[in-house]
**Q** 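Got a structure here, written out as structure tokens. Questions coming.
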Amino acid sequence: MDKIAIGADHGGFELKEKLINHYKAQGIVLVDEGTYSEESCDYPDIADKMAADILSGNVDWGILICGTGIGISIAANRHKGIRAALLYDEFSAEMAHAHNNANVIVFGGRTMKFEDVVRRIDVFMKTKYEGGRHQRRLDKLDR
Ligand code: RB5
């Protein structure tokens, strides 16, 4: 089983807590990278922590959440080797794994419903990376 981390700023805190509890009930423990309250904080700090943990191999992949998912996506993607994908529907969830081999999936705590997010995570987890021509493209990202 992959080691999966989850992190959020204050805009994603509530959704993060719900997801931790949802997966805990299924026997899946998400590594909680903060934030730990609704107090205002800066999403780049959470994205940096997640990126460091993925790039060092401490965790396999992660889930990041801010208000819209936009700021924390931008922050995560500043790190070479991180492929953060904002999953806005189930098709994007499938493609983010099959084609982009995303190692971070991102959601908006103020723009997305919990049930939709869970479905997208489940699709992402069930999908396999296709490799082949997609690997050539991913290699170009890290040149
Ligand atoms: C915080 O208020 C908000 O700007 C942040 O959560 C995120 O939506 C940024 O993109």
Side-chain angles (χ1 to χ4, degrees), residues 1-130 134-143:
M1 176 71 201
D2 281 349
K3 200 166 172 189
I4 308 163
I6 188 165
D9 75 352
H10 54 288
F13 174 75
E14 192 184 332
L15 179 57
K16 172 173 74 71
E17 296 302 299
K18 282 188 184 168
L19 289 171
I20 288 171
N21 291 331
H22 172 82
Y23 285 103
K24 195 173 170 187
Q26 297 187 9
I28 299 172
V29 177
L30 302 176
V31 178
D32 188 356
E33 307 218 316
T35 185
Y36 303 106
S37 76
E38 281 179 339
E39 198 180 316
S40 181
C41 66
D42 299 335
Y43 57 79
D45 297 337
I46 306 294
D48 289 353
K49 191 173 171 187
M50 167 84 63
D53 271 345
I54 292 171
L55 295 172
S56 68
N58 278 346
V59 300
D60 296 299
W61 59 275
I63 301 166
L64 283 174
I65 312 162
C66 67
T68 58
I70 296 172
I72 212 158
S73 296
I74 295 170
N77 279 316
R78 292 286 169 99
H79 295 268
K80 193 171 178 176
I82 294 298
R83 295 174 302 280
L86 183 55
L87 304 189
Y88 48 88
D89 61 15
E90 287 179 41
F91 182 67
S92 65
E94 186 185 343
M95 291 300 108
H97 209 161
H99 289 186
N100 308 112
N101 200 20
N103 50 12
V104 175
I105 56 174
V106 187
F107 301 101
R110 294 173 178 155
T111 57
M112 297 178 187
K113 290 190 195 123
F114 170 74
E115 295 76 17
D116 292 337
V117 169
V118 167
R119 272 199 295 275
R120 291 170 204 169
I121 295 173
D122 291 349
V123 168
F124 179 82
M125 287 171 81
K126 277 187 202 125
T127 305
K128 288 198 167 34
Y129 174 48
E130 290 175 8
H134 302 294
Q135 189 55 47
R136 184 181 69 239
R137 294 162 187 164
L138 298 193
D139 290 341
K140 289 187 177 181
L141 294 175
D142 288 336
R143 279 181 303 193

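Every value quoted in this text rests on a predicted model; they were computed, and no experiment measured them. Order of appearance sets the numbers: ligands from 1, and atoms from 1 within every ligand.
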**Q** Exactly one of Thr111, Val106, Leu86 should register a side-chain contact (heavy atoms from CB on, under 4.5 Å) with Ile70. Which one does?
**A** Leu86
**Q** Where on Thr68 is there a heavy atom closer than 4.0 Å to ligand 1, on the side chain, on the backbone, on both, or on neither?
**A** both
**Q** Can you tell me if Asn100 uses its side chain to pair, donor with acceptor, with the backbone of Ala102 under 3.5 Å?
**A** no
**Q** Can a donor-acceptor pair be found, under 3.5 Å and without considering hydrogens, that links the side chain of Asp142 to the backbone of Lys80?
**A** no
**Q** For residues 11-23, which side-chain N or O atoms pair as donor and acceptor with protein atoms under 3.5 Å away, sequence neighbours left out?
**A**
from  : atom 1 : to     : atom 2 : distance (Å)
Lys16 : NZ     : Asp32  : OD1    : 3.0
Lys16 : NZ     : Asp32  : OD2    : 3.2
Lys16 : NZ     : Thr35  : O      : 3.0
Asn21 : ND2    : Glu17  : O      : 3.3
His22 : NE2    : Gln26  : NE2    : 3.1
Tyr23 : OH     : Asp122 : OD1    : 3.0

**Q** Which residue and atom name correspond to the protein heavy atom nearest atom 1 (C) of ligand 1, and how close is it?
**A** His10 NE2, 3.5 Å
**Q** Can you pull out the closest protein heavy atom to atom 9 (C) of ligand 1? Residue, atom name and distance to 0.1 Å, please.
**A** Tyr43 CE2, 3.5 Å
**Q** Identify, by atom number and element, the atoms of ligand 1 in contact range of Asp9, meaning under 4.0 Å from any of its heavy atoms.
**A** 1 (C), 5 (C), 6 (O)
**Q** Judging by distance only, is a nitrogen or oxygen of Gly71 under 3.5 angstrom from one on ligand 1?
**A** yes
**Q** Using a distance threshold of 4.0 Å (strictly less than), state whether atom 4 (O) of ligand 1 has a protein heavy-atom neighbour.
**A** no
**Q** Less than 3.5 Å between some nitrogen or oxygen of Gly67 and one of ligand 1, yes or no?
**A** yes
**Q** Before signing off on this row, confirm whether Arg110 and ligand 1 have an N or O atom pair separated by under 3.5 Å.
**A** yes
**Q** Among Val123, Thr127, Ile121, find the residue that satisfies the side-chain contact (heavy atoms from CB on, under 4.5 Å) test when tested with Met125.
**A** Ile121
**Q** With no hydrogens and no angle check, is any side-chain donor or acceptor of Asp60 less than 3.5 Å from a backbone partner on Lys3?
**A** yes
**Q** For the side chain of Asp53 and the backbone of Asn58, is there at least one donor-acceptor N/O pair under 3.5 Å apart?
**A** no
**Q** Starting from atom 7 (C) of ligand 1, locate the nearest protein heavy atom and write down its residue, its atom name and how far away it is, to 0.1 Å.
**A** Cys66 SG, 3.3 Å
